[in-house]
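These notes are about the structure you will find just below.
To find a chain, count down the sequence lines: A is the first, B the second, and so on, and within it residues start at 1.
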There are 2 protein chains.
Amino acid sequence: MTRALTRKGEATRARIVAGAAAEIRERGVDEVRLEDVMARTGTSKGQLFHYFPEGKEELLLAVAQHEADQVLIDQEPMLSNLTSWPAWLAWRDRLIERYLAQGVRCPLNGLLGQAGRRGPGAQAVVTGLMWRWQKAITEGIRHMQSTGDIAPEVDADRAAAALLAGIQGGVLLLLSTGKIDHLEAVLDLTIDSLRSGARTA
Amino acid sequence: MTRALTRKGEATRARIVAGAAAEIRERGVDEVRLEDVMARTGTSKGQLFHYFPEGKEELLLAVAQHEADQVLIDQEPMLSNLTSWPAWLAWRDRLIERYLAQGVRCPLNGLLGQAGRRGPGAQAVVTGLMWRWQKAITEGIRHMQSTGDIAPEVDADRAAAALLAGIQGGVLLLLSTGKIDHLEAVLDLTIDSLRSGARTA
DNA sequence: CTAGAAATGGACCGGCAAGTCCAAAGAGCG
DNA sequence: CGCTCTTTGGACTTGCCGGTCCATTTCTAG
């Protein structure tokens with residue numbers, strides 16, 4: 001039942017997704033025309049609908065999944081190794097760097113706020129991303145607790161939830177205002193707060 | 001040069017904005033058709049373009065401004081009176097309550113992430129909102145510092161920036177996942193953190 | 001080599017929704 | 001009471017863009 005794709009087909013499909021992703025980053029989700037994707041990727045309409053029978057919707061979803069994965073990959077190996085304060089700071093730096101470079105071009109942009117409306121598929125992609133992201137942070141906090149660097153009374157889940165929210169909001173404000181200050185403030189203050197909590201223990 | 005609007009005209013214009021706002025809340029920005037607004041408000045196309053000569057764009061911008069103002073109004077009188085810990089908690093409760101009630105229906109939704117792309121007008125609306133919001137929080141923190149409830153070393157601006165980002169992210173996650181947990185965590189943990197900072201002083 | 005499946009190209013269709021236009025109704029004013 | 005400016009109604013135009021369709025070429029297997 002899985003589509004019969006030859007190697008060539010596979011490559012074309014990937015090219016379409018990548019091209020669509022680039023297009024979205026540059027122009028925004030709702031500004032993407034199938035035609036633009038075709039032009040950029042050197043494909044024809046027939047191909048688009050051959051690889052994404054459901055049409056635009058399906059393509060967009062594939063792109064979303066692709067970009068969501070990328071978000072986490074871009075944070076590696078830091079995100080999975082939050083095992084010391086220097087590691088946390090390295091992660092912090094990576095985030096700042098990454099989003100500073102990305103600027104206004106957030107590929108998931110259109111999705112985030114409208115996940116609910118864009119159908120259950122989009123919803124799943126977004127919640128999946130957030131879930132994995134938060135889980136990684138939680139594990140980092142737990143690890144720091146195991147080494148005594150973070151107070152055991154800290155509710156790792158709640159703290160991770162707050163930090164994740166802060167990051168999202170920081171990025172959102174970067175998107176809105178062009179300033180990275182909010183993201184920086186969140187990361188620094190939250191990490192500081194986790195850190196100083198150790199004294200209590 | 002300000003448009004010559006009779007009282008009746010003024011009323012109609014307001015009705016259109018309100019109707020469009022409602023429509024956006026229910027269906028999302030990009031799903032709004034002029035036709036829907038007409039139907040809901042009992043107006044004709046002639047009227048829409050009479051009151052908003054630039055068309056949809058201009059109408060949407062008017063709605064955005066309207067809703068942005070509402071966001072802050074909804075937080076009053078708490079937001080302007082963050083002068084004691086009970087007051088902060090009351091504000092917290094109001095936020096939770098408001099966004100819980102609102103659920104997925106965020107009128108500014110489409111704007112937030114795409115302010116940059118939606119033209120300078122939208123950008124201005126969003127940054128203006130964020131600016132005013134953050135300023136109010138900053139003033140709250142400063143006041144608490146003046147009464148010794150928050151340590152003087154706290155950088156009020158930075159702390160406010162972080163809190164604002166947290167709130168935005170919390171709302172975003174509410175929109176994406178339907179859960180209010182993130183917003184709650186941000187508010188509680190951040191306020192706690194500000195509170196415990198007092199001990200240091 | 002060849003049959004069948006996959007991949008590709010691109011002409012064409014159809015609907016939708018923004019925006020235009022003008023005619024007519026209503027309201028304020030001397 | 002009639003002039004003018006605002007308000008209103010709604011038919012019509014127009015361009016865009018997603019989606020359909022089929023002819024053609026390329027690939028793979030036996």
Side-chain angles (χ1 to χ4, degrees), chain A residues 1-24 26-64 110 114 117-119 121-122, chain B residues 1-24 26-64 110 114 117-119 121-122:
Chain A
M1 195 37 241
T2 48
R3 292 151 294 221
L5 285 188
T6 69
R7 181 157 306 153
K8 192 176 177 189
E10 202 76 64
T12 303
R13 202 193 120 103
R15 188 155 41 94
I16 292 174
V17 171
E23 207 66 31
I24 288 175
E26 289 178 17
R27 309 163 97 87
V29 200
D30 8 84
E31 301 305 321
V32 180
R33 330 251 161 251
L34 254 30
E35 214 176 317
D36 302 329
V37 177
M38 286 161 50
R40 175 185 282 260
T41 60
T43 48
S44 66
K45 212 153 226 178
Q47 285 165 288
L48 281 190
F49 282 85
H50 178 66
Y51 294 107
F52 303 94
E54 310 268 286
K56 199 180 188 183
E57 190 93 352
E58 191 182 354
L59 171 58
L60 255 36
L61 198 58
V63 171
Q114 317 177 16
R117 312 189 203 269
R118 285 241 189 225
Chain B
M1 194 43 241
T2 49
R3 291 152 295 224
L5 286 188
T6 68
R7 181 157 305 154
K8 193 176 178 189
E10 202 77 64
T12 302
R13 203 193 119 104
R15 187 155 43 92
I16 292 174
V17 171
E23 207 66 28
I24 288 175
E26 290 178 17
R27 308 164 98 86
V29 200
D30 8 86
E31 301 305 320
V32 179
R33 331 250 162 253
L34 255 29
E35 213 177 319
D36 301 329
V37 177
M38 286 161 50
R40 176 185 284 259
T41 60
T43 49
S44 66
K45 211 153 225 177
Q47 285 166 288
L48 280 190
F49 283 85
H50 179 66
Y51 294 107
F52 304 93
E54 310 269 287
K56 199 181 188 182
E57 190 93 352
E58 190 181 354
L59 170 59
L60 254 36
L61 198 59
V63 171
Q114 316 177 16
R117 311 190 204 271
R118 285 243 189 222

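Counting heavy atoms from C-beta outward, B/Tyr51 and B/Leu5 have side chains that approach closer than 4.5 Å. A/Lys8 is not listed as a side-chain neighbour of A/Arg13, based on a closest heavy-atom distance of 4.5 Å or more. Using a 4.5 Å heavy-atom threshold, the side chains of A/Glu58 and A/Leu61 count as separate. Contact annotation: the side chain of B/Arg40 approaches that of B/Glu26 to within less than 4.5 Å [non-hydrogen atoms, C-beta and beyond].
If you take NE2 of B/His50 and C1' of D/dT6, they are 6 Å apart, rounded to a whole angstrom.
When each of B/Leu34, B/Val17, B/Leu60 is checked for a side chain to side chain contact (heavy atoms under 4.5 Å, CB included) with B/Phe52, only B/Val17 meets the rule.
Within residues 14-23 of chain A, no residue approaches DNA chain C, by heavy-atom distance under 4.0 Å.
A donor-acceptor contact shorter than 3.5 Å is absent between the side chain of A/Arg27 and the backbone of A/Val32.
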- Task: Verify salt bridge (Lys or Arg N to Asp or Glu O under 4.0 Å) between B/Lys56 and B/Glu54, making sure each step is shown before the conclusion.
- Result: CA-CA 7 Å; B/Lys56 199 181 188 182; B/Glu54 310 269 287; over 6 Å; no
- Task: Would you sort out whether A/Lys45 and A/His50 count as a side chain to side chain contact (heavy atoms under 4.5 Å, CB included), showing the intermediate values?
- Result: CA-CA 8 Å; A/Lys45 212 153 226 178; A/His50 178 66; over 6 Å; no
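Within 6.0 Å of atom CD in B/Glu57, 12 or fewer heavy atoms from other residues, nucleotides or ligands are found, so the atom counts as exposed in its surroundings.
Listed pair B/Tyr51 / D/dT8 meets the phosphate criterion, a side-chain N or O lying under 4.0 Å from OP1 or OP2.
The outermost nucleotides of DNA chain C lying under 4.0 Å from heavy atoms of chain B, listed 5' to 3', are C/dA17 to C/dT20.
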- Query: When you check every protein heavy atom under 4.0 Å of nucleotides 11-29 of chain D, what one-letter string (B, S, -) results, 5' to 3'?
  - Reply: B-----SBBB-----SS--
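Smallest separation of non-hydrogen atoms from A/Thr43 and A/Val37: OG1-O, 4.3 Å.
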